[in-house]
Amino acid sequence: MTDPARPDDAPYRIGYYDKGPTPFFALQSDTRLSYCLYVPTDYDPDGEQTYPLIVLCHGTERWPAHYRDNFSDFAKQHQAIVLAPLFPWNLFFVGDSENYKLLKMGDIRFDLALLSMVDEVAARYRLRSSKFLLHGFSGGGHFTHRFLYAHPERLLGASIGAPGVVTLCDATLDYPLGLKGMAEFLGGPINPDGIAHVPVQCVVGSADTDTWEITLTPNETMYWVPGINDTGRTRIERLRSLATSLEKAGCSVRFDLVDGVDHDQDGIVPTVQSFFADILNAEVKP
């Protein structure tokens, strides 16, 4: 029986399943990870139009397709492509729910894996630039602001949604409370000096006040360093601490407290889309 694999030199043709809400695609550089897309259905493989890229990073619940679907109408309106990664539970042990949030666990650099996903999309579709919009909620908010420290030059804008534990932009505090040791933890450089060039949104619901998941003890070995709870009692307080530290570093930060919303990604979507629309509309102005 012959190997059914497509030869490496054969061109990839955009087909029926490559437009609209797509299936999940295994990341070719690490098939443990995957992603889905939304591509406007009028995308013409032979056309010339280019598309901005919006990346949506899931929370601990791992609902990337839901996040993607929340942005499908927005993507149609703004002629954008949406990428939603899946960083599964149990990659390294049963119950491994936190793996991607500090950008590295075991042999996986999740930030670099996301950049590989972006590269795969850029090889198949016409993206407007190498920069993209990034939003993450809860666990995805963890990922988003730490990705901002590592790769600001790749971001058109960053929307940080309700992270439970924050890494302040402070080089005197040990990672993950601050940036001290972050580069050593990742095994590669970070670029916090570049964050001042990235528009940042910090967004959280006004009723997002539960503390059961975010008040840490020394047993919480992934996040625990002295002072990790001192950034605030609730997600609202912690996000304000993060926003203040980003502003001190030169970032332009929009802080959105969404009235009546608890820890619910659906409830903040319109506010995130408003922030992204402002960036995209400014980008296309002459």
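Owing to the predicted nature of the structure, the values given are computational and were not obtained by experimental measurement.
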Under the criterion side chain to side chain contact (heavy atoms under 4.5 Å, CB included), I'd like the reasoning laid out for Thr234 against Val204: C-alpha separation, chi angles, the key distance, then a yes or no. CA-CA 11 Å; Thr234 66; Val204 62; over 6 Å; no
Just do the side chain to side chain contact (heavy atoms under 4.5 Å, CB included) check on Val269 and Phe71 with the steps written out, would you? CA-CA 8 Å; Val269 164; Phe71 274 75; 4.2 Å; yes
Going through the distances and angles, do Val55 and Leu133 end up as a side chain to side chain contact (heavy atoms under 4.5 Å, CB included)? CA-CA 6 Å; Val55 177; Leu133 295 168; over 6 Å; no
Could you walk me through whether Arg13 and Asp46 pass salt bridge (Lys or Arg N to Asp or Glu O under 4.0 Å), step by step? CA-CA 10 Å; Arg13 292 295 298 171; Asp46 299 316; 3.8 Å; yes
Can Asp210 and His263 be said to form a side chain to side chain donor-acceptor pair (under 3.5 Å), step by step? CA-CA 8 Å; Asp210 284 346; His263 198 58; over 6 Å; no
Before you tell me yes or no, could you show the steps for Lys101 and Thr60 under side chain to side chain donor-acceptor pair (under 3.5 Å), namely the whole-Å CA-CA distance, both residues' side-chain angles and the distance that decides it to 0.1 Å? CA-CA 9 Å; Lys101 298 178 186 178; Thr60 308; 2.6 Å; yes
Take Phe92 and Met105 through the test side chain to side chain contact (heavy atoms under 4.5 Å, CB included) and record every step on the way to the result. CA-CA 8 Å; Phe92 298 102; Met105 181 179 276; 3.4 Å; yes
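Closest heavy-atom contact between Thr167 and Leu242: O-CD1, 3.3 Å. Across all their heavy atoms, Gly59 and Tyr67 have their closest contact at N-OH, 3.2 Å. Ala150 and Leu103 get closest at one heavy-atom pair: CB-CD1, 4.2 Å. Nearest approach of Ala80 to Ile54, heavy atoms of both residues: CB-CD1, 3.9 Å. Here the closest heavy-atom approach between residue Arg146 and residue Val165 is recorded as NH2-O, 3.0 Å. Between Val200 and Phe275, the closest heavy-atom pair is C-CZ, 3.7 Å.
No cation-pi contact links Arg68 to Tyr35, judged by a cut-off of 6.0 Å to the six-membered ring centre and 45° from its axis.
Proximity of a side-chain donor or acceptor of Thr41 to a complementary backbone N or O of Gly20 within less than 3.5 Å is not detected. Between the side chain of Gln77 and the main chain of Asp73, no donor-acceptor pair closer than 3.5 Å is present. Panel note: side chain Asn281, backbone Ala277; a donor-acceptor pair is recorded below 3.5 Å. Distance alone, capped at 3.5 Å, is enough to place a donor-acceptor pair between the His58 side chain and the Phe87 backbone. Using modelled atom types, one side-chain atom of Ser72 and one backbone atom of Asp69 make a donor-acceptor pair closer than 3.5 Å. Between the Asp262 side chain and the Asp208 main chain, no donor and acceptor come within less than 3.5 Å of each other. Looking only at distances, no side-chain donor or acceptor of Thr22 sits under 3.5 Å from a matching main-chain atom of Asp18. Although no hydrogens or angles enter the test, the distance criterion places a donor-acceptor pair under 3.5 Å between the side chain of Glu120 and the main chain of Gln28. Of the possible donor and acceptor atoms, none in the side chain of Arg235 sits under 3.5 Å from a partner among the backbone N and O of Thr209. A donor-acceptor pair under 3.5 Å is absent between the side-chain atoms of Asp170 and the main chain of Gly178, judged by distance alone.
With a 4.5 Å cut-off on side-chain heavy atoms, Ser241 and Leu168 count as touching. Within the 4.5 Å cutoff, no side-chain heavy atoms of Thr144 are placed close to those of Phe137. When side chains are defined from C-beta on, Tyr51 does not count as touching Val121, because their heavy atoms never get closer than 4.5 Å. Side-chain contact between Leu56 and Tyr38: absent, with no pair of heavy atoms (C-beta onward) separated by less than 4.5 Å. You'll find the side chain of Pro199 stays beyond 4.5 Å of the side chain of Ser252, heavy atoms only. The shortest distance between side-chain heavy atoms of Asp266 and His66 falls below 4.5 Å. Between Val272 and Val203, some side-chain heavy-atom pair lies under the 4.5 Å cut-off.
No more than 12 heavy atoms of other residues, nucleotides or ligands lie within 6.0 Å of OH in Tyr17, so this atom counts as exposed by the packing criterion. Enclosure of atom CH2 in Trp63 is not indicated, since only 12 or fewer non-hydrogen atoms of other residues, nucleotides or ligands lie within 6.0 angstrom. In the displayed structure, Asp259 atom CG is contacted under 6.0 Å by at most 12 heavy atoms of other residues, nucleotides or ligands.
Rounding to the nearest 0.5 angstrom, the gap separating the CE atom in Met222 from the CD atom in Glu98 is 6.0 Å. Expressed to the nearest 0.5 Å, how far NE2 of His197 lies from NZ of Lys131 amounts to 8.5 Å. The distance from atom CD1 of Ile81 to atom NZ of Lys19, rounded to the nearest 0.5 Å, is 11.0 Å. Taken from CE in Met182 to CG in Leu173, the straight-line distance is 13.5 Å, to the nearest 0.5 Å. For the atom pair OG (Ser206) and CG (Asp256), the distance works out to 12.0 Å, reported to the nearest 0.5 Å. We find the CD-OG distance between Glu153 and Ser130 to be 8.5 Å, quoted to the nearest 0.5 Å.
Classification of the His145-Tyr149 ring pair by plane angle, with boundaries at 30° and 60°, yields perpendicular. Ring geometry, Phe74 versus His78: the interplanar angle falls from 30° to 60°, so the pair is classed tilted.
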Below 3.5 Å, can you tabulate the donor-acceptor pairs from side chains in residues 155-164 to any protein atom, sequence neighbours excluded?
{"from": "Ser159", "atom 1": "OG", "to": "His135", "atom 2": "ND1", "distance (Å)": "3.0"}
{"from": "Ser159", "atom 1": "OG", "to": "Gln201", "atom 2": "OE1", "distance (Å)": "2.6"}

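Electrostatic pairing of Asp230 and Arg238 does not count as a salt bridge here, judged by no charged N lying under 4.0 Å from a carboxylate O.
Among residues two or more places apart in sequence or in another chain, the salt bridge (Lys or Arg N to Asp or Glu O under 4.0 Å) test is passed with Asp278 by Arg254.
Under a hydrophobic clustering in which Ile, Leu, Val, Met, Phe, Trp and Tyr are joined whenever their side-chain heavy atoms come within less than 4.5 Å, directly or via other members, Leu86 and Phe132 fall into different clusters. By the rule that hydrophobic residues join a cluster once side-chain heavy atoms approach within less than 4.5 Å of another member, Leu177 and Phe143 end up as members of one cluster. Each of Tyr100 and Phe24 belongs to its own hydrophobic cluster when Ile, Leu, Val, Met, Phe, Trp and Tyr are linked at side-chain heavy-atom distances under 4.5 angstrom. Leu33 and Leu83 fall within a single hydrophobic cluster, where Ile, Leu, Val, Met, Phe, Trp and Tyr are joined by side-chain heavy atoms under 4.5 Å apart, directly or via other members. Note on Met117 and Ile14: same hydrophobic cluster, where clusters join Ile, Leu, Val, Met, Phe, Trp and Tyr whose side-chain heavy atoms are under 4.5 Å apart, directly or indirectly.
Between the side chains of Asn70 and Gln273, no donor-acceptor pair of N or O atoms lies under 3.5 Å. Side chains of His151 and Asp111: a donor-acceptor N/O pair is present below 3.5 angstrom, by distance only. Side-chain contact of Gln49 with Tyr43: a donor-acceptor pair under 3.5 Å is absent, judged by distance alone.
Within the 6.0 Å centre-distance limit, the rings of Tyr223 and His142 are counted as a close aromatic pair.
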